[in-house]
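Every chain is numbered from 1, with letters handed out A, B, ... down the list of sequences.
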Amino acid sequence: MFPILLAAIAIFNGKDVPDCVKLPAPGTNFRPNVATATTAPWVDSNGWRIARAEGKKFCYDVPKDRVVLAMAEADAHHADAIIKFPPEDQPLFDKMTAFLQKIGPGPTHDLGDIAVKEDGSPIAGETLNLFTRRNLTFRIVGANDPKALMNVTVDSSIKDPNEFTYSIRQKLTDEKRLIRVYGSETVLANLTGDGKHVRIHLVNYGRRGADGLRVRVRGSYQIEQSAFFDSDSKAEEYTVTDGGTEFSIPHIDVYGVVDLIAKP
Amino acid sequence: MKRRTFVLGSAIAPAALASVDQDIPKYRIVTPYHAEQHYRIPGTVVSVHSAKSIDETTEKADPNVVREMMTRGMLGLTGETKLGDAWRRFIEPSDIVGIKVNCSGAPKVCSNPFVVAEIVRNLTAVGVKPANIQIYERFEDQLKSVGYAKYLDQEVPIQAVEVPRGSIRNYDPKTYVEVDFFGEDDTRSNMIRWVTERFTKIINVPNMKDHGAAGVTGCLKNMAYGNFSNVARSHKWEKTNTKTFIGTLASTEPLRSRVVLNVMDGLKGVWHGGPFVLNPKFVFYPKIIAFTTDPVSADRLLIDIIETERKSKGANSVWDRSRDQLISSGRSVDPTKNHFIREPGHIEYASSLGLGVYDINKIKNKKIEV
């Protein structure tokens, strides 16, 4: 949430902050030297790390030009974050701060299709990373949640996280997924709310803006408001069809939110 | 218009074929558009050849010869005696016409500017306003490399779809084919907005090329992969889904109906490494322009043209499915090797969707020499 973020920034002077979960700088990398089946960029996102350590304090140490992405990610996952960034990025920080103030604090309850019980192992972490990467929404739970679409145990017995993630997607089916993002491999979504009021947080981890996204959310909603950082984009070409709400976004730079309200 | 969802709606045939071919992905065609009736001559192709059409040394086409080939081809296709009447079979003055060029092998091999200019000249002659004719291709860098503007009325728009590359802003969110080939995240391929919202007719101007994934690339592939987003996802490792994807895309309305004419520019062609020109030695000169309303028939004939050329050069067949021809990565500059198992069967598959006549014995290929 931005007020905590601002407060935290104020006390951070480059020294290690005790009891904070360190997060790597978010972004994308193309790793041609790593065996890969596709040319899809390697997205470094922390949504899964934040979900794993919910309620804790997080800290980023980001290189030049990444501060807005770190702020976007923290806001999208309502993380209490402390961000160290190069002084020359202060204008970017101020700009994103103004944007976060403009959109206001949204709901903080994560919505997710999958209730995950996990063992904290590296394999489980990689699997949760892939869930985030694939926009397979999840919540970490201590016990099975009968209200979730799926209950899944993610632990060190998983041999191939990629294959496992795909199997979960197939079992869930694309039709039933809470959110789909079309037109970008680098825009990841997090949804917060109570089902009646929903905020979709869209974070673009790519090095350039994404044009012409199409977003589909399960359920029938009206668009209450939408706002995008450093862009006058608005959610448009809205339609409700086949059990889902769809809209287009002409351009997303780093971050945007779309607030939905359930149709009566 | 009320939105309708066709779950393989226009394609009962694939469902039927699925019983014999388990390798057909589950396609979901979503379009609010219905079929339109336009002039069709199924199974007929007019192939106009002229040895004088292009100088193989300079690679310059002769615009006067091209004009004569275009005239003879259109008259031969329609049976008309006046050129204007031939074009009026397809086009009305009120039409907004898209000319889908192919620039993936540009600037070496692409829809020849003289061919495109001659199409534009004939369209304006029948009363279409230059501003209502649009030259288009998906990728800006490829399109710009040709320099069509030098050959055309300055009022004719020349526009690329993806600016910047990867942007789907100019694709129609209401009209798409959804399929999951390999577990990719983005499972939609959307049709170009101009096709759905602006053009009333489309003239398809492909080349004659080998294609590393599809076997050959002619009318169908230029229609399909040339008018939809997010299509390269159909290939992975040696596997390509072009066999069924090309026909499925090409059969989606309104693209299927609005492509009223195919002018296949075979002044130059590519016999290996297509759709690109990996090496100038893979360029050849069929010196043919083919005219048809039937993309399947023209592409069926194209298989033989490419196969004949490949055979003469010692290359393997486009039908070769052996694993020992495969290379693990990159595009092959060895014409006996390939990265993918080619799928020239996409043409017969497209025929099963009602896109045209595949049986070589039923295709009427009128040959004209200029």
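The choice from N170(B), T187(B), N230(B) that makes the most heavy-atom pairs within less than 4.5 Å of chain A is T187(B). Highest contact tally toward chain A, considering only G183(B), G166(B), A232(B), is held by G183(B) [criterion: heavy-atom pairs under 4.5 Å].
Counting heavy atoms of neighbouring residues, nucleotides and ligands inside a 6.0 Å radius, atom NZ of K176(A) does not exceed 12 of them. Other residues, nucleotides and ligands place more than 12 heavy atoms under 6.0 Å from the NZ atom of K64(A). Counting non-hydrogen atoms of neighbouring residues, nucleotides and ligands closer than 6.0 angstrom, the NZ atom of K144(B) reaches no more than 12 such neighbours. With a 6.0 Å radius and a threshold of 12 heavy atoms from other residues, nucleotides or ligands, E163(A) has its CD atom at or below the threshold.
If you measure heavy-atom distances from D174(A) to chain B, the contacts under 4.5 Å come from the side chain alone. Using a 4.5 Å cut-off between heavy atoms, S229(B) does not touch chain A at all. Residue R216(A) touches chain B through its side chain alone, counting heavy-atom pairs closer than 4.5 Å. The parts of D185(B) that come within reach of chain A are both its backbone and its side chain, each placing non-hydrogen atoms under 4.5 angstrom from that chain.
Taking the charged nitrogens against the carboxylate oxygens, D242(A) and R28(B) do have a contact shorter than 4.0 Å, which makes a salt bridge. Taking 4.0 Å as the cut-off between side-chain N and carboxylate O, R193(B) and E237(A) count as a salt-bridged pair. A salt bridge does not link E178(B) to R214(A): none of the charged nitrogens lies less than 4.0 Å from a carboxylate oxygen. Using a 4.0 Å cut-off between a side-chain N of Lys or Arg and a carboxylate O of Asp or Glu, D180(B) and R169(A) qualify as a salt bridge.
Going from atom CD of E185(A) over to atom CD of E184(B) covers 10.0 Å, rounded to the nearest 0.5 Å.
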Legend entry - From CA spacing to verdict: side-chain contact (heavy atoms from CB on, under 4.5 Å), N190(B), Y182(A): CA-CA 10 Å; N190(B) 294 72; Y182(A) 303 98; 5.7 Å; no

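Looking at every heavy atom in both residues, D211(A) comes nearest to S167(B) through CB-OG, 3.0 Å.
Of the N and O atoms on the side chains of S248(A) and R169(B), not one donor lies less than 3.5 Å from an acceptor on the other residue.
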